[in-house]
2 protein chains.
Amino acid sequence: MAGRTSSPGASVTSRALALLGAFDETHRRLSLTELAERAALPVPTAHRLVAELVDWGALSRADDGRYVVGRRVWDLGLLAPVQTGLRQLASPYLHDLYGATLATVHLAVRDELEVLYVDRLAGHASVPVVSQVGSRLPIHATGVGKVLLAHAPQDVQARVLGARLARLTAYTVTQPGSLRRQLARVLRDDYATTTEEMSLGACSVAVPVRRDQEVVAALGIVLPRLGKDRPRLVAALQVAARGIGRTLSEHPAGDAAR
Amino acid sequence: MAGRTSSPGASVTSRALALLGAFDETHRRLSLTELAERAALPVPTAHRLVAELVDWGALSRADDGRYVVGRRVWDLGLLAPVQTGLRQLASPYLHDLYGATLATVHLAVRDELEVLYVDRLAGHASVPVVSQVGSRLPIHATGVGKVLLAHAPQDVQARVLGARLARLTAYTVTQPGSLRRQLARVLRDDYATTTEEMSLGACSVAVPVRRDQEVVAALGIVLPRLGKDRPRLVAALQVAARGIGRTLSEHPAGDAAR
DNA sequence: GCGTCGGCTTCCGTTGAGTGGAAGGGTGGG
DNA sequence: CCCACCCTTCCACTCAACGGAAGCCGACGC
């Protein structure tokens, strides 16, 4: 390979992937110099590798010279099991729920100690929420998060409860004991709720989505307040969740929740 | 580099990308040998490169030893402008439309001579359609396709009309003269319709989405039949389309329709 | 239970793809 | 007009990458 390299042993593939990895939610458009910095590469090296990524369609160069993630990565991302399995199969159920409630509807999975939002439906009438597809939010402060945490392995629960529970609003549950009791109730009632714990003006209800007894996702909705609609909402969510679980069982190839 | 190579001059990056490019809609799970074949690489070479892609999260190995597109590509795909620009900004409008009609709602852009479905909303009550997010369908047989074709550059229209127009149902418009006249009417009426031209039992209406006078996408819905609801549907679609166009104009960084 | 086959994994001598500092061009701002 | 920064190109040097061969492993047929 090269006579001199700033990072001996690094492969070409890892460098190219480092360039792709330079993009994130807060860095969607990057100049060449920014890319090089974020990927820890010299500018000429970044320049060569970026040109190849652009040729293939992994990156795209905008008119202002900056780079963005290319259409081909979007296409490829749609082939990932989280999309073709869980998200796609669940979509009609989520739309049924949305059509019936016009509330924000969430489908989420656990991603280590966080909640990953796999899908989110919302119109203009829905409660504004901070989540969007691909977001990772704290697991202790959302309805779907509490469901996923309640059904997580003991070591995951220990790590979440043993860490500092971030206070996001005055109503966030930050005492481990309180959260533990809530999780026990989630297991008993088979649904979770939040009341302005993630953001003010947003309350939520969520239920587990099971495939063959295993909780693989959580389905939830967000409303300004729960009130006396709670039993009806829980019932609607559970019907949709069972439908999703059944559909997932009928499509074994789509190992959706991993 | 290596003392011997089956494809001299091919870069490491291009080989790694060839492996990613081995996946498509009909090849979502591939064995190592299949990956090597489809990427035109020797198996040991594929083995090494695939291991790196797995390490980074671009690919994932399932329990049965086969590979799928990894979560990190899904994450990255969500950063592409087609997602963060057009799709995300349009989503609330699409959900409003869905909530009002419970019909299948489509958002699409032109991708060369085809329609690319950027978003699709459907519940169980909606008409089953063949499209899904990321699908490319023929531009002459769908409502959104006719809108995009009517507003396409002359050379694009010439290439579509000069090629054989595939007959998908008995009602598909396959005569270039007929399609030309329909496109003229689309420009005049500012909406397009289809009647069981793409699949039986599915009729559609679609309107252009404009950002600063430029047609950047098409918005459509699919129903079992149009009937006397057509004017109301067109009006609802146009309101949503104008809302999307306005929102796109307010977010210049998201060059969504490219 | 054994043998065969196919897929996968590991090895390693050879070599050319890849390296990045230097230099130069272009653009925007002061 | 000058300066600073970003981007692009060059090229001597070298080590990362190459893939056939060999071996391992699991499934399948007899």
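Scope of the values below: all heavy atoms of this structure, side chains included, with no hydrogens, waters or symmetry mates. Order of the sequence lines sets the chain letters (A, B, ...), proteins ahead of strands, with each chain counted from 1.
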Exercise. Write down the distance between CG (A:Leu49) and P (D:dC7), rounded to a whole number of angstrom.
Key: 15 Å

Quiz prompt | Partners passing side chain to side chain contact (heavy atoms under 4.5 Å, CB included) against B:Val54 (at least two apart in sequence or in another chain) | solution = B:Val50, B:Leu59, B:Tyr67

Quiz item: Would the A:His95 and B:His95 ring centres measure less than 6.0 Å apart?
Solution: yes

Quiz item: Looking just at side-chain N and O atoms, do B:Ser135 and B:Arg120 make a donor-acceptor pair shorter than 3.5 Å?
Solution: no

Self-check item: Heavy atoms from other residues, nucleotides or ligands near CD of B:Glu25 exceed 12 (cutoff 6.0 Å)
Solution: yes

Quiz item: Between B:Ser6 and A:Ala10, who's closer to the 5' end of DNA chain D by nearest nucleotide?
Solution: A:Ala10

Self-check item: Sequence-aligned protein contact record of nucleotides 8-13 of chain C, with B where the base is within under 4.0 Å of a protein heavy atom and S where only the sugar-phosphate is
Solution: SBB--B

Quiz item: Rounded to whole angstrom units, what separation is found between the CG atom of A:Leu19 and the C1' atom of C:dG18?
Solution: 14 Å

Quiz prompt | Donor-acceptor pair between B:His251 and B:Thr247 side chains, under 3.5 angstrom | solution = no

